[in-house]
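Reviewing the structure listed below.
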Amino acid sequence: MDTSTIIWIIVGIIVVIAIIVVVVLMTSRRRREAHLESERRKAEELRRDAYESDVSRREREADAATAAAAAKQAEADAMQAKLEAERLERESAAHQADAQQLRTQTDERMRKADEVDPDVVRDEDAARAETAEARADDRTAVTDERVAARDDRTALHDDRVAATDDRDAGSDERTAAERDQAARDERATLDAQAASPEPRNTESGRHI
């Protein structure tokens, strides 16, 4: 093998090695770029997730602030209502006290006017009048009770008389029925005697 052949072989080997190196470098570069692109996409997804999470967080914070403001407003309204109720209660108590005082003054003035007025009946006279009226009512009630008792006795006597009349009527009906039956029996006997050709005893109805 001559020197030129060896050189060409060496040159071929170097070229192949260079090609392999270039291919390896290009593949490595592409892999690195693909990895970087993947990392970029991952970073973008993480940023997007972080942004959405931040938006949700701000929304939750806004809702919490609104709820807190509403709670404070409700608390303030409740406090205001409590203060208003206490004020109204104090006013009501004051009005009741004034009304009671005015009622007392009115009663006192009316009592004094009754004491001064000669046409007003005194308590003693009124009490005596009420007692006399009560006694009259009691006597009337006793009289009414006696009249009611007498009416009850009269009604009882009437009931007894009516029962006696009913019994008498029943007895009269039975007597009339017995008489009718005896008359029918007598007519039947006479009819039998008249129809029979044989002479009969009129008293016994037997053949002679």
Side-chain angles (χ1 to χ4, degrees), residues 5-138 140-142 144-145 148:
T5 302
I6 295 172
I7 292 172
W8 282 107
I9 291 173
I10 293 171
V11 171
I13 292 170
I14 292 172
V15 171
V16 171
I17 292 171
I19 292 171
I20 293 172
V21 170
V22 170
V23 171
V24 170
L25 290 175
M26 291 179 64
T27 303
S28 176
R29 182 178 179 182
R30 289 177 181 175
R31 289 179 179 175
R32 186 169 60 255
E33 289 178 355
H35 178 71
L36 292 176
E37 185 65 23
S38 177
E39 293 295 328
R40 291 190 187 96
R41 287 197 298 271
K42 186 181 293 185
E44 184 65 22
E45 290 177 358
L46 292 174
R47 290 190 183 93
R48 186 169 56 253
D49 294 340
Y51 175 77
E52 292 177 356
S53 178
D54 186 64
V55 171
S56 298
R57 177 187 60 80
R58 288 197 296 270
E59 290 177 353
R60 298 294 186 279
E61 289 178 351
D63 294 339
T66 302
K72 290 182 179 179
Q73 183 63 34
E75 184 178 0
D77 293 339
M79 183 62 68
Q80 183 65 28
K82 182 179 180 181
L83 293 175
E84 183 67 16
E86 291 177 354
R87 184 184 65 80
L88 293 175
E89 186 176 0
R90 289 193 299 270
E91 289 182 357
S92 177
H95 291 329
Q96 289 180 357
D98 294 340
Q100 183 63 34
Q101 184 177 2
L102 291 175
R103 186 181 297 109
T104 302
Q105 292 176 359
T106 301
D107 294 340
E108 181 67 20
R109 289 174 182 174
M110 291 296 295
R111 186 183 62 80
K112 290 181 179 180
D114 292 340
E115 292 178 353
V116 173
D117 192 353
D119 296 330
V120 175
V121 180
R122 299 296 184 267
D123 293 339
E124 295 81 1
D125 297 336
R128 285 194 294 271
E130 290 178 356
T131 302
E133 184 178 357
R135 290 178 179 175
D137 293 337
D138 292 338
T140 303
V142 171
D144 294 338
E145 289 178 356

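Side chains included, hydrogens not; waters and symmetry mates left out as well; all remaining heavy atoms used.
Between Glu84 and Arg87, some side-chain heavy-atom pair lies under the 4.5 Å cut-off.
Here the CZ-CE distance, from Arg103 to Met110, works out to 14.5 Å after rounding to the nearest 0.5 Å. Separating the CG atom in Asp63 from the CD atom in Glu59 is a distance of 7.0 Å, to the nearest 0.5 Å. Atoms CD1 and CD1, on Ile19 and Ile14 in that order, are 12.0 Å from each other to the nearest 0.5 Å. Of the inter-residue distances, the one linking Glu61 atom CD with Ser56 atom OG reads 11.0 Å to the nearest 0.5 angstrom. The distance from the OG1 atom of Thr27 to the CD1 atom of Ile20 is 11.5 Å, given to the nearest 0.5 Å. The structure places CG of Leu46 at 9.5 Å from CD of Glu39, a figure rounded to the nearest 0.5 Å.
We find that Arg40 and Glu44 are not joined by a salt bridge, their nearest charged nitrogen and carboxylate oxygen being 4.0 Å or further apart. Using a cut-off of 4.0 Å between Lys/Arg side-chain N and Asp/Glu carboxylate O, Glu45 and Arg41 are scored as not salt-bridged.
Within 6.0 Å of CZ in Arg111 there are more than 12 heavy atoms belonging to other residues, nucleotides or ligands. Remark: Arg31 CZ is loosely packed, at most 12 non-hydrogen atoms of other residues, nucleotides or ligands lying under 6.0 Å away. The number of heavy atoms from other shown groups lying within 6.0 Å of CD (Glu89) does not exceed 12.
Each of Val16, Ile17, Val15 was compared with Ile13 under the side-chain contact (heavy atoms from CB on, under 4.5 Å) criterion, and only Ile17 meets it.
By the salt bridge (Lys or Arg N to Asp or Glu O under 4.0 Å) test, Glu86 is found to be paired with no residue, residues two or more places apart in sequence or in another chain being considered. Qualifying side chain to side chain contact (heavy atoms under 4.5 Å, CB included) partners for Met26, counting only residues two or more places apart in sequence or in other chains: Val22, Arg30.
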Worked check of side-chain contact (heavy atoms from CB on, under 4.5 Å) between Arg60 and Arg57: CA-CA 5 Å; Arg60 298 294 186 279; Arg57 177 187 60 80; 5.7 Å; no
Check against side-chain contact (heavy atoms from CB on, under 4.5 Å), Thr104 and Gln101: CA-CA 5 Å; Thr104 302; Gln101 184 177 2; 5.7 Å; no
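Panel note: side chain Thr106, backbone Leu102; a donor-acceptor pair is recorded below 3.5 Å.
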